[in-house]
Amino acid sequence: MRISTAQSKAASLIEALPWLTRFHGATVVIKYGGNAMTEEALKEGFAEDVVFLRHAGLRPVVVHGGGPQISSALDKLGIESTFTAGLRVTTPEAMQVVRMVLTGQVNRDIVGLVNRHGPFAVGMSGEDAHLFTAVRKHAVVDGEPVDIGQVGEIIKVQPGAVRALIDDGRIPVVSSVARGDDGEIYNVNADTAAAALAVELQAHKLIVLTDVEGLYANWPDDTDVIDKLNADELEAMMPTLSSGMVPKMEACLTAVQGGVPQAHVLDGRVPHSLLLELFTNEGIGTMVMP
């Protein structure tokens, strides 16, 4: 019995070999969010996966948001928080909380979990070294632009600090807060931020962790996950997608149209989904190709 268990482990390791060879030295940008970010066991598993990637010779970069954590902090402080067209209306008062939660709490938690395994993670905000520069983004309601406060759209990425950390063997962990040339700070969508950074770093992959198995062929009628599609096919599907999937699939589209060879949407509720996607022949989730 013991030998057959051992042999199946050996088979898994050997199956990983061609992928290890292919991805050695590859930069991979991972958007981290959803359940994988709120459940203890999944949080620890994510940290292990990222360190595994680093030891396997890849160059992981983590970009995160923190919607649930922001909502609970705003509730505790009695600050009302509303959504317009799927975007959080962000008053200056709410923005201070967003910045504090993302950069001071969520970012620290991720860095702490990764660094149980060694001196790898370095936390930063999109404000650091002008990593993300944004302008105010308006929501569109019935065709009309609506001001929703300090919500930003990234117009420029300066990835020098991230590159320096990667070259030093570190794992950058980036919170999705951006600066404005006007001195404002902006809350930016973490999916979008991850895609913009992946393009600018000329990453080999963008991986978006989410709370669904992947992109469904025709939701909600059935739950067949599309395992692979190209940019044109995805673009044609965009109008039919559920609001929660839109920013994630848009991020994948932006990435592959910007020169990233592959973008993936993965179910972060599956333990070690990152490793399953990267190092097994089947993979899981949905892959978008140019």
Side-chain angles (χ1 to χ4, degrees), residues 1-37 39-64 110-121 165-173 194 198 201 203-215 223-229 252 255-256 260-289:
M1 190 58 217
R2 218 169 94 203
I3 192 102
S4 65
T5 312
Q7 277 171 337
S8 72
K9 283 182 183 161
S12 303
L13 291 169
I14 289 303
E15 186 179 326
L17 180 61
W19 308 111
L20 285 167
T21 310
R22 179 190 294 186
F23 297 133
H24 196 85
T27 300
V28 181
V29 176
I30 303 153
K31 154 54 187 9
Y32 178 48
N35 281 12
M37 197 182 211
E39 285 179 28
E40 283 311 314
L42 290 172
K43 276 161 60 169
E44 286 169 20
F46 174 79
E48 286 168 350
D49 287 2
V50 170
V51 173
F52 186 98
L53 297 184
R54 160 73 179 65
H55 281 308
L58 288 84
R59 296 149 59 105
V61 176
V62 178
V63 177
H64 69 88
I110 301 166
V111 168
L113 284 167
V114 170
N115 287 347
R116 286 180 186 176
H117 303 278
F120 300 119
L165 287 170
I166 298 173
D167 290 341
D168 190 36
R170 311 296 171 189
I171 300 171
V173 178
L201 288 172
H204 290 64
K205 276 182 188 289
L206 166 68
I207 296 176
V208 181
L209 291 181
T210 174
D211 284 344
V212 291
E213 293 164 65
L215 183 59
T223 52
D224 291 340
V225 173
I226 299 171
D227 59 347
K228 216 183 258 180
L229 76 172
C252 291
V256 296
V260 176
Q262 298 167 334
H264 303 255
V265 177
L266 291 192
D267 191 345
R269 300 166 305 178
V270 175
H272 303 300
S273 55
L274 268 179
L275 303 187
L276 293 171
E277 178 55 65
L278 283 166
F279 300 128
T280 66
N281 297 340
E282 289 78 31
I284 62 172
T286 299
M287 175 159 77
V288 182
M289 319 275 280

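All values reported here derive from a predicted model rather than from experimental measurement.
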Step-by-step side chain to side chain contact (heavy atoms under 4.5 Å, CB included) determination, Thr210 to Val265: CA-CA 7 Å; Thr210 174; Val265 177; 3.2 Å; yes
Quick check: do [X] and [Y] have side-chain heavy atoms less than 4.5 Å from each other?
X      : Y      : answer
His204 : Arg22  : no
Val256 : Met289 : no
Val114 : His117 : no
Asp227 : Thr286 : no

Between atom [atom1] of [X] and atom [atom2] of [Y], what is the distance when rounded to the nearest 0.5 Å?
X      : Y      : atom1 : atom2 : result
Leu206 : Lys31  : CG    : NZ    : 10.0 Å
Ile3   : Ser8   : CD1   : OG    : 11.0 Å
Leu20  : Ile14  : CG    : CD1   : 10.0 Å
Leu274 : Leu209 : CG    : CG    : 5.0 Å
Ile171 : Asn115 : CD1   : CG    : 8.0 Å
Phe52  : Leu58  : CZ    : CG    : 9.5 Å

Looking only at heavy atoms, which two atoms of [X] and [Y] are closest? And how far apart?
X      : Y      : answer
Leu42  : Val270 : CD2-C, 4.4 Å
Val29  : Ala203 : CG2-CB, 4.0 Å
Ser273 : Asp49  : N-OD2, 4.1 Å
Phe23  : Leu278 : CE1-O, 3.5 Å
Gly33  : Met37  : CA-SD, 3.7 Å
Val225 : Gly214 : CG1-CA, 4.0 Å

Near His24 NE2, under 6.0 Å, is it more than 12 heavy atoms from other residues, nucleotides or ligands?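 No - once you tally the heavy atoms of other residues, nucleotides and ligands closer than 6.0 Å, there are 12 at most.
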Is atom CG of Leu17 surrounded by more than 12 heavy atoms (other residues, nucleotides or ligands) closer than 6.0 Å?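 Counting neighbours around CG of Leu17, more than 12 heavy atoms of other residues, nucleotides or ligands fall under 6.0 Å, so yes.
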According to the interplanar angle, ranging from 0 to 90°, do the rings of His55 and Phe120 count as parallel (below 30°), tilted (30 to 60°) or perpendicular (above 60°)?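 Correct class here is perpendicular.
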Whether the side chain of Arg54 engages the backbone of Pro60 through a donor-acceptor N/O pair (distance < 3.5 Å, no angle test) should be reported.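 Looks like no, no N/O pair under 3.5 Å.
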Could you tell me whether the side chain of Asp211 and the main chain of Gly34 form a donor-acceptor pair under 3.5 Å?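 No, Asp211 side chain to Gly34 backbone: no donor-acceptor pair under 3.5 Å.
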Apply side chain to side chain contact (heavy atoms under 4.5 Å, CB included) to the pair Phe46 and Ile30, showing each step before the final yes or no. CA-CA 11 Å; Phe46 174 79; Ile30 303 153; 3.8 Å; yes
Taking NZ, NE, NH1 and NH2 as the nitrogens, is one of them in Glu39 or Arg269 under 4.0 Å from a carboxylate oxygen of the other?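 No.
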Have a look at Arg59 and tell me which of Leu165, Leu53, Val28, Asp167 forms a side-chain contact (heavy atoms from CB on, under 4.5 Å) with it.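 When Leu165, Leu53, Val28, Asp167 are each tested with Arg59, the side-chain contact (heavy atoms from CB on, under 4.5 Å) holds only for Asp167.
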I need the single residue from Gln262, Met287, His264 that forms a side-chain contact (heavy atoms from CB on, under 4.5 Å) with Lys228. Which is it?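 Only match with Lys228 under side-chain contact (heavy atoms from CB on, under 4.5 Å): Met287.
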